[in-house]
Every structure is written in structure tokens, then in C-alpha cells.
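All of these numbers come straight from a predicted model, not from anything done at the bench. Lettering of chains follows the sequences in order, A, B, ..., and the numbering in each one begins at 1.
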Amino acid sequence: MKVEIEIAGRTRVVDFTRGEQTASVDGVAIPVEARLLRPGVLSLIVDGRAWRVILEESASETAVLIGGERIPHSVNDPRSLKARRAHASGADGPRPIKASMPGRVVRVLAQPGDAVVAHEGIVVIEAMKMQNELKSPKQGKVAEIRV
Amino acid sequence: MKVEIEIAGRTRVVDFTRGEQTASVDGVAIPVEARLLRPGVLSLIVDGRAWRVILEESASETAVLIGGERIPHSVNDPRSLKARRAHASGADGPRPIKASMPGRVVRVLAQPGDAVVAHEGIVVIEAMKMQNELKSPKQGKVAEIRV
Amino acid sequence: MQIQFRPIKKVLIANRGEIALRLVRACHEMGITPVAVYSDADRAALHVLEADEAYRLGPAPASESYLRGDLLLDIARRTGADAIHPGYGFLSENADFAEACEQAGIKFIGPPAAAMRELGSKTRARQAADRAGMPRTPGSTKGLASLDEARSVAAQIGYPVMLKAAAGGGGKGMRAVTRDEDLKSAFEAAQSEAERAFGSSEVYLEKLIERPRHIEIQVLADEHGNSIYLGERECSVQRRHQKVIEEAPSAVVSPELRQRMGEAAVRLAQSAGYTNAGTIEFLLDNAGNFYFLEMNTRLQVEHPVTELVTGLDLVHLQIRIAQGEPLPLRQQDIELRGHAIECRVYAEDPDNGFFPSPGKITRLVQPGGPGIREDSGIYEGWVVPMDYDPMLSKLVAYATTREAAITRMLRALDEYVIGGIRTNLAFFRRILRDPDFQAARIDTGYLERLLAQPAPKCPDISTEERERVAAIAAAIFESQRPAATTAAATQSANAWKSAARAEGLR
Amino acid sequence: MQIQFRPIKKVLIANRGEIALRLVRACHEMGITPVAVYSDADRAALHVLEADEAYRLGPAPASESYLRGDLLLDIARRTGADAIHPGYGFLSENADFAEACEQAGIKFIGPPAAAMRELGSKTRARQAADRAGMPRTPGSTKGLASLDEARSVAAQIGYPVMLKAAAGGGGKGMRAVTRDEDLKSAFEAAQSEAERAFGSSEVYLEKLIERPRHIEIQVLADEHGNSIYLGERECSVQRRHQKVIEEAPSAVVSPELRQRMGEAAVRLAQSAGYTNAGTIEFLLDNAGNFYFLEMNTRLQVEHPVTELVTGLDLVHLQIRIAQGEPLPLRQQDIELRGHAIECRVYAEDPDNGFFPSPGKITRLVQPGGPGIREDSGIYEGWVVPMDYDPMLSKLVAYATTREAAITRMLRALDEYVIGGIRTNLAFFRRILRDPDFQAARIDTGYLERLLAQPAPKCPDISTEERERVAAIAAAIFESQRPAATTAAATQSANAWKSAARAEGLR
């Protein structure tokens, strides 16, 4: 089957055929041996090199953990809801900010209609005895704030 | 809901009502607080005493592990297949012996029709570099041997 | 005085998280019945699962659960506990609670209330330090009555100076002042912050030590007048005055310095009639001078590194001391062997301003093997509550040398996976790979300086290769998606085959 | 001779299971690239998952995979490994393989082939023992040519005697003989069994020691002529000549005896030109006399207990020795501290004649916390293959005293859950609670005697209470059944509520 994966702003085409021990990435064939140990934990042997790959799925993104590095990606697949969401949250267009965790809203720093620059604080949330700012992901205008 | 549990040859009636913090065993009410941490792992607080209870299900029996002890049981529930199986394997009547593990059959010690006493060897199986005897669970006659 | 042996048979553990589980384990090892307590947020916690008895305290907020001394004493009485172990945090340094326990005839496993009061206030502790002939930072030993007094003290010891809350802790009510002009505003700010944080506006002033190391001495004192020190811990790697990495021994403390600091610490403990386990914190300047900072009258979070290099169990010893036993060791029996490093694994996101990250742990792969000890209270499926400190686990590496302990810790960090929430695991990899940390060129400002630099790319593996592998893995996971949660997928003899099955379903 | 430093950059790990994972970890800690190999039964094993490279050997049977020296050397060449670590078992004591490695220019991490041959045969080892002036059991030092020779040797040393296979191990080809009348049949049986098991019918005869303890000495020898001993391990708790529990130090070995045994062991190693890690096994009779038994020319399964009491890492030291480094320690640097006990956790059913129990591990709760080390290669979902030794894990407890190590191990065993297959965890609880074990009244016959007695009922908890709790739990699990595998059930705020839901579904 053919799958398009978008990683670090670049789209890669992975093609693998059932039963065969090779896969092709962007047309280049590589020996691949894969085994799912348990859901989300994959043992991958690519051209002799062994990798432990962990699937990380959250409401906001899908990523894989490899050698301690977290690699977010999206699947360009019309069937995949994730793909659409990923596109929605591109650099252009409206970008929602969600609190990545539950907490008490302490202060609201911006109002709907305010122009904000990237990384400007919007809302202050307190959890686990710490106050933290929810920052704007990009330059733009605050559409609405629901607290 | 009311559930009949057979443990160590004795039937106990457990009755508990949703939302309430008590259960009754054989008509005696006890304060019970239960929380399933993950499938098969239950945190049970019975009258202040804390228990870690693990569910153990195999083809042959259902048991719970409590404080390192393994307690096999069956549920007397017409809906429960396990219950029927449990009854089938009572002290009376035919009792199948299954190898609890895959292995090579090295020797067959008894023939169909042979009278055997309890714990008499029937078949010798080799696995993990060890030979082991499958023993008769009870006195009786060997009906058939499939190897 | 004649102390007789009072065997402890049942201990109420007035805490939660990893330390509560660690205390449950110690009780089981000593044949003592551990009684757990829990808030509504902790019903599914491991310390409840593993204890022999468990009782609900109240709602999630600490003020309604783990800080409710009255409820704790009720439960202790009801269940017949003869002692209470407070762990760290919560009520562990609350002298009134310790007193209430004694009055209820329940042994508080820690120092007497009087010693806690004596050493709990930083100003009174500084006076005690003077009496014990222990070096401390120059400055006041009483609360500052007025700005004028602050001025004169500052002039006398010279800038830069530090304003600190007498009741302080965790960096609250603290202000560094470099020039006289700034003293007024800083004084007022520190006072009001202290008032808000600790209900006391008492602040004092001390000389600011440049680039100090944080070195602390572990002491043990029994009720027969014997006190010993178990060497030092270095906790210079801090963020916002919070310890992040601790180690034992310190790379810069010589046996001679260890002895001087240890003996000073023991003198202070004895002068205050201190018993049980305690820790005296010092600042060490780059000239090798040490200054008394404060005393923590409880078991420390970082006690495991001391246990690994001394071969002792501090909780076992705490309980034996509380039973009235004399210390089973003399000072000459204490010998440090090897090196231990502890990483405090937090549910926070270093890539996002160390934003707290509570929530469900969807995937957990914990490290193990030689020289690795982990004290944690987490499991796959556990939902990390937002109501408490975000510490998930204490990962500790032990080896014969500091270098070997660092590479071992890096190995363990590489094995460690905590999915579903963000953690600081990768942040520790960065610190442990940093040349300054590896050369022990650290002080309490080290981490802030490191954070000011851009994070280096991970070595060995090329980004290109990693992304290629990630793409392949992502494609396989995608192909598994429909079957992903079924047992079949897990057992699938080969991911390709199940990929095929998955496709077939479409 | 002048040995120069030959840095090892990549190690092929010619083994599987917990030891393969332990070796992968050691490589990572030393900055060495670990290369794993696997049979078809082990594709999903942790040593493959955690290694940097992994290559398939062949089908499950060891004869077609882990024993295929030719394949191993091919892979080592292809991947550019400069050394091979054999672990224990498989090819670890195969002198021909060690020789083949040397010829291929790949360092075999272990002794030279010559030393392996010298000490691998029990009869030749007994001759070496004589040359080294080491006490051994009375009897022949060469294979018995005939029954007559056996008769005369037996008459000379007196009954009871032991017939043993020269190439033997694991109790195969062994026969105890108490009277002359039985010698003939035993001699023939031992010969044929030895022929079948080891391809050599050579058997010898030695005096049978009554109720001996199994005490072994760990030695380390570098390639510069330095050899040291790291104290003893006691492995008297055995079943069918297989070690079940090992500990260090032995409760009955005095410093003076330790020194005599250690020095004898070092003499033997040096007389045979031995290098790297090795173990000399002795029998100790109740009069305190020790007799050379055999030498194991490899890393032992039970090496962790020595690591914990010495604070050293034997695998690191093996690799450094193989790199041509001189030992970083002298004998006087070796000091034993505390006590360590290891339990070999097996996939077997003690309630059913220790029947092997391979299969899928459906539930896994591993112990942790202070003083607990576990070397294992298992995980929840792992299917334990039927093709290899049934050892699942080595659970090791360390504490300051033997008593504390026992109670700590009991605590860890209570925490440990392995579901889906049968294990000997409960069996260890029984042994560790046995007064004779606790008093160290053990010898190689101890376990068989214990097994001859009926198992005592578990203490503390009444059967009635446990069964009542079991009934409640069973009812709750039953009520959960329909939802049991859904995430919803796991997260269910309260079992009652989801019980309600479950009912609703019906």
C-alpha cells in the first residue's frame, strides 16, 4: 500500500507490499523488517539498524518517538481525519489554541479583536501549583476566547 | 446485581447495588470500595482493608490472584460458558487432560481402555529442554488419546 | 535520659505519590502494617493499591485532604496506628501537627516539634547556627524591623545582597539586590510576597554568594543523643530554585571538607535537640567556603542517592529511631562507595516553558537493569492529577564513578518512554550530555545559563535517517489503525501481514 | 608480554533473553554499538528492540540459530563487529568457537580457547587443581578405563561415591553409588547417558560429600597477568542440580575461609593461563573443608549478586579486559558490603511437577523501589517461547543484612504479578519464609527435602477472608466482562458505575 506522510513540512511517499521485506521511501527501496510488540510499540529493522518506535497520539497531533526524539507528522490520506486537522492547523489561516491540560484560568491577557504577535501571551492558566501562559502560536488577530 | 461464585467447592452469593459503597456476601453486608485500574487489575477496599486483585483467565479456568495466592473460581451464571465448563469438569464424569503447553510427545504411557489411578502418568511431553508427564487427574479409565 | 524500645506495628502514611509507595514498601519490609490515605484524585494510585489498609481523606485539593491533620489523626486513632510518617511536603514540617500527634499518643516519625520550630524559621535557624559555631552567610539573624535597618545591614555586609522570607521556601519572598537604590522597592516587594505566601512578612537580609553550589549534608540522630552524618548531596542543578538533578557524592567535596561540613551539621542538630533524619543545606563558594543556608527537618526527595552510596535505607533507620532504638551505626561505619545521580522526572513540557502536563499515561516503558533504581507511583493508564506537584518519578543511576553513572543514566533515559503526556526526559538527556555538567562545572545558576542557549541537535543519528524511519513507522502504524487495538494486531506474526488484513477491511 | 589497548567499538551479542538485554545495556553505557541476533522465535524480544543493529540467525531451534557459530561469524564480519560476547549457555564454553573467532580476527570476550579446553573437561580440571595445590574431592583424575578400575578407585576412597561425566554439566551422566553391588549398573548407565548427552562416554569417580554447600568464587583475570577474586556466592538452593536461589556473601564463609578459597581459585586460573571472568565452584562440607568441583569459563547467570555486594559491573570489566586494559582494581580494593539474594523466576508450574509453562504473558506487574534489581527480557504481551530455557527473569534484592534482603525479596515477590503463564514466584515465597532458609541451614539437598514436606498455608490472612474478597472481586470482574477490554472500563471512575453500564447492556 502507498501512504503519504508529512514530516517537518516535507511529504514522503512510503510504499510497501504485504509479505515482502522491503519498503520504498520516495521511490528508494530499503530492506525493512517490522514487528508490532504491542499496540503503539513497533520494532523496526531498517537495513540492519534496529529502531524502537512508539506511536504518540493526542487530540492535537500524531507523532512517533524514536531514540528519544519526538517526530510529529500527519498522514495525507483522504480517509484520515487527522490529515484534515493537520492541514487546518497550517501556518496560514485561523489556528486554534487549546489548553494542553485542565487548570484554573487566572487571567485573560487578550481580548477578541486584539492583534497579537507570535508567542504573545493570551491566557494564564494555573495547574500543579504553577501559573503558565497560553501563548499565540503565530502573528494574527484574536478571533474569540472561550473560558 | 446478584452473582453466584463457586470457590473451593463452596457457592457464595455476592450482591451489590450500583453506586452504593457496600456489597453483601451470603447475605452479610460489607463496606466495599472498588476501582479498576486497568483491565484485570482491581483495587478493592473491603471494610478498610486494601487488596490488589488480578484476574487470571485461561482456557481451562478463571482465577483471581490475591496476596500471591491463586484462587480459581467459576461463575454460576446461565449466560456464562465458563460456568458450564466448570461444572463439566467436576469430580464425577469424564475429565479431559490437555497439555498445558505446546511440546513434543516423547512417549505414550497408557492406552485407551486402560484403568488408571489418580496422578498416574499418561503421556510424556518434552519442552524447554525438560521431559514432563501428563498425569491422570483422577482414578478412572482412559477413553481416548489424541496425539 | 532513658528511652525504652517502643515497637511500631502500624504506620499511617500521611502522603501520596512515589514517597507514599516507598513508605508502604519499607513497612512491608519491616513487618509493619502500612495504612494509606487518599484524596478523591488518588483513589487509583499505587500507594492505595499496595497498602494493607486505605482510607479516604476528602476532595482533591490538598487543603481538604493531605493537609487535614485532624482527619489524619482521626483515621490513625480509628485504625489503631501507633505512628504517622509524613513523608516530605504537606504536613512534614508542620510543628503543630507533630505536636498534635504526640498529644494523641501517636509517634510522629520525625524530629520533636520544638526542634522543628527552632530550625524551621530561617532567622532562628541562623541564630542556632551561630550558637553551633557554624559558618553562615553574613547578614541579619532577625527579621528586619524597618527599611533603615535593612539599609544599614546591607551597607555593613556590602552589595550584592539577598532579601529572604524567614518562613520562606521554594524561592518565594526572595529578592536579589545589587544597589542601594533598588533596596526600598525590593524590601517592600519581598515583604508583601512573604505575607501572601507564608502569612508572615518577616524578611531578613544576607550577603549574596556568587555562583554558589548547593551542597547538603544528611544527618541522622537517635533519641539517645547519638548523631551522625551520611556525607553530602550536590543539588546545584536547579530551575527556579527547584532541584532538578541531585547527586552523591559531590565532585568537589574533599574528604576533609566533607568532615568539616558534616561535623558542623551534627553540631547544629544536637544544639537544637534534633532527632531522626534531617538535612542541612549549605552554599559552597568557588573558594571552598561553605555557608549555612537552612535545615530541612524531614526526609528529602533526593534521599535515594545517599542510600545508594552508603548502602543504607534511610526510611528503615527513621522508623527504628522512632521506635527508640539507638543508631546501629557509628560515624566510622559510614563509608561512601561509588556515585549516584537522581533525575526528577516531571509531567511538564520543556519545549513549551515547562508547562505542566497532567493527564493519562497512555504508554509506559520503564528502564531497568544494573544500577538503575526508580521510585515512582505511576503505571500505564494512570491519570496524573492536576492538583499536586507534577513529579512522576525519581530515576536514579548508580555506578562506580560519576562518569559511569552519567552514561548509565543516559542509557536508562533512552529506554524510558512516557506516552500521552509531556515530560522532561529529553531535557535530562540534554543536561547529561552537556560538557559543563559532565565536568561538574555546575552551580545554582548553571541550568538557567544552559536554558539560555539553543538546544543542540541530537548526535549520532542523522535527521534524514530518523525522518525516513519515522515515515516508514508512521505508514505502518497508519496501515494498522483499524486493527490497532485488537489483540490480533499485537500478536500479528508480521506487521506486513496485518497491514494486509487492515487493507482488506477497507 | 606486552598487550596493547584494542578499543572495542561494536560487539555482536551471541545470545538471547535477559542476558542479551543486559549486554545491550552495558554496550550502550560504554558507548559501544550492540549488535543483536535473533531466531524466528525471538523477533519480538527486547534484546532486538533495544539493540542498535539486529540480524536474523534462523529458525527457533538453537541448533539452527544461537548455536550456529558460522552464521554468527558471518554476521560479525558483515557488520564490522570487533568482538563477540557469548553470554552464558549456547556457545559460551565452546573452545572451538572461541578459536574460530580469534582466527577471524574478532575478539571473543572470554578466556583463550586453550584455557577453556584445559578447564572445560572435568577430569583435566581436576589434574589442574592438583597442580595448583587446590583441594578437590578424592577420586580419579582421568576417565575410568574399565569397571575394574572404577571398583578399585571406589574401594580406595570408600563409599558412597559419585560417578560423573567428564564433559558433564547440569547433572547429566551423574550417579551416586552407595554399595559395590550397584557400581556396575550405575557405571554403564552413566557412560551411556554421558555419551548421549555430550558425545563422550568418559566418566570418572569421586567421593560423595554428604550434605555439601555449593560455594563458588568469582575471579577476574586481565591479559597482563593480574588476577583477583570477588568473594563467593552461595548457590546451595538447587533443584535437580539446577540453581534456584543464589546469594552473596555466604552466611557461613568467614573472611579467613574466603581468602583461602579465593587464593586457591586465583592460583588455578593463573596456572591455566585464564583471562577474563570465570567462576570456580566448590563443595563445602559441614566441617568447613572445601573441595574443587569445576570451573565455569564464562559469565555466570548469578553474577548480579556479586555486582551488588562489590559495587562493580562485571560485564563492563569483561569488556575492558577484552580491550587489553589492565584490571582497574587490586585485591585489596575489593570489599563486600551488604547482602544480595537472587531468585531465578521460571515459566514453570511448581504445583504440577514444575511443568514448563511457555505462552503469552497476559498481565505483568513488576516490582521496584529500594534495593530491587531485575534483569529480565519480558514484557506484557511477550509470548515466552517453548524452545529455550524457561528462565523469565532474575529478581535480585540487596540490603544491609541477609535478614533485610530476605524480607525485601518477600516484599518484591508480593508485588510481582505474571499472568497468563505459571511461574515459581509463590514457590520462592515459600522458600524465603522457611525457617531453615532464614537460618541459612541449607545444602544442595535442602530444596528436595523442603519439597518432600507439605506446603504450609499462607500466614497472616485467613482463608475465609481471602475467599470472601475473591468472591467480591470475581463478581465485579464478571459484571465488567462485556466492557472489560474497552478503554472505557479502565477509565471508569468507579467499578460500580461501569457495572451498572454493563448490566444496562444486557
Side-chain angles (χ1 to χ4, degrees), chain B residues 1-3 5 7-8 10 12-21 23 25-26 30 32-42 44 46 49 51-58 62 64-71 73 75 77 79-80 100-103 125 127-130 132-135, chain D residues 347-349 351-359 362-363 365 385-390 413-417 419-422 425-426 429 458 460-461 463 465-481 484-486 489-490 492-500 503 506:
Chain B
M1 65 184 289
K2 221 189 193 81
V3 185
I5 307 291
I7 291 178
R10 187 170 150 202
R12 297 177 171 266
V13 182
V14 180
D15 194 349
F16 57 88
T17 315
R18 59 204 63 165
E20 282 178 25
Q21 303 268 309
V25 179
D26 301 336
I30 325 170
V32 171
E33 223 289 297
R35 177 70 59 102
L36 194 69
L37 303 197
R38 53 193 186 94
V41 180
L42 182 69
L44 205 53
V46 180
R49 287 200 64 153
W51 305 86
R52 182 187 64 188
V53 189
I54 310 284
L55 178 65
E56 261 279 75
E57 290 183 290
S58 72
T62 300
V64 289
L65 304 178
I66 298 181
E69 299 276 308
R70 178 189 182 82
I71 304 177
H73 65 268
V75 178
D77 174 352
R79 297 165 308 198
S80 158
S100 64
M101 45 154 307
I125 287 187
M128 289 175 150
K129 323 244 151 307
M130 279 183 262
N132 297 274
E133 278 190 1
L134 272 177
K135 293 186 167 59
Chain D
E348 63 185 15
D349 184 359
D351 303 334
N352 184 12
F354 294 88
F355 208 99
S357 177
T362 55
R363 206 102 53 206
V365 180
M386 58 163 282
D387 309 274
Y388 313 107
D389 175 280
L413 289 166
D414 286 339
E415 288 179 23
Y416 210 151
V417 175
I421 58 176
R422 299 305 178 89
L425 287 172
R429 273 190 214 93
C458 165
D460 27 289
I461 311 157
T463 311
E465 180 174 19
R466 185 184 284 104
E467 287 181 6
R468 197 187 314 122
V469 172
I472 295 167
I476 291 169
F477 279 126
E478 180 65 15
S479 72
Q480 295 263 328
R481 197 168 294 288
T485 55
T486 73
T490 327
S492 69
N494 180 310
W496 303 132
K497 293 200 190 66
S498 46
E503 271 216 311
R506 291 178 176 147

message = Please evaluate residues Gln480(D) and Leu42(B) with respect to the criterion side-chain contact (heavy atoms from CB on, under 4.5 Å), reporting the C-alpha separation (whole Å), side-chain torsions for both, the decisive distance (0.1 Å), and the verdict.
response = CA-CA 11 Å; Gln480(D) 295 263 328; Leu42(B) 182 69; over 6 Å; no

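- To the nearest 0.5 Å, atom CG of residue Leu55(B) and atom CD1 of residue Ile476(D) are 12.0 Å apart.
- Legend: residues meeting side chain to side chain contact (heavy atoms under 4.5 Å, CB included) with Arg70(B), ordered by chain and number and at least two apart, are Glu56(B), Glu61(B), Ala63(B), Leu65(B), Arg422(D).
- The shortest heavy-atom contact between Ile5(B) and Ala471(D) is CG1-O, 3.8 Å.
- Shown here for Ala470(D) and Ile71(B), the closest heavy-atom pair between the two residues is CB-CD1, 3.9 Å.
- The two residues Gly68(B) and Ala426(D) have their closest heavy-atom pair at O-CB, 4.4 Å.
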request  = Give the intermediate values and the outcome of side-chain contact (heavy atoms from CB on, under 4.5 Å) for residues Val365(D) and Arg38(B).
outcome  = CA-CA 12 Å; Val365(D) 180; Arg38(B) 53 193 186 94; 3.8 Å; yes

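- Within the 4.5 Å cutoff, side-chain heavy atoms of Phe477(D) are placed close to those of Val53(B).
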message = Evaluate Arg49(B) against Glu465(D) for side-chain contact (heavy atoms from CB on, under 4.5 Å), listing each step before the verdict.
response = CA-CA 11 Å; Arg49(B) 287 200 64 153; Glu465(D) 180 174 19; 3.2 Å; yes

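- Residues Ile472(D) and Ile30(B) are in side-chain contact: their nearest non-hydrogen atoms beyond the backbone lie under 4.5 Å apart.
- Qualifying salt bridge (charged side-chain N to carboxylate O under 4.0 Å, His left out) partners for Asp15(B), counting only residues two or more places apart in sequence or in other chains: Lys2(B).
- Heavy atoms only, all atoms of each residue included: Ala8(B) and Glu467(D) are closest at CB-OE2, 3.6 Å.
- For the side-chain contact (heavy atoms from CB on, under 4.5 Å) test with Arg466(D), the passing option among Ile7(B), Ile66(B), Val64(B) is Ile66(B); the others fail.
- Under the 3.5 Å distance criterion, the side-chain polar atoms of Arg468(D) are left unmatched by any main-chain donor or acceptor of Arg12(B).
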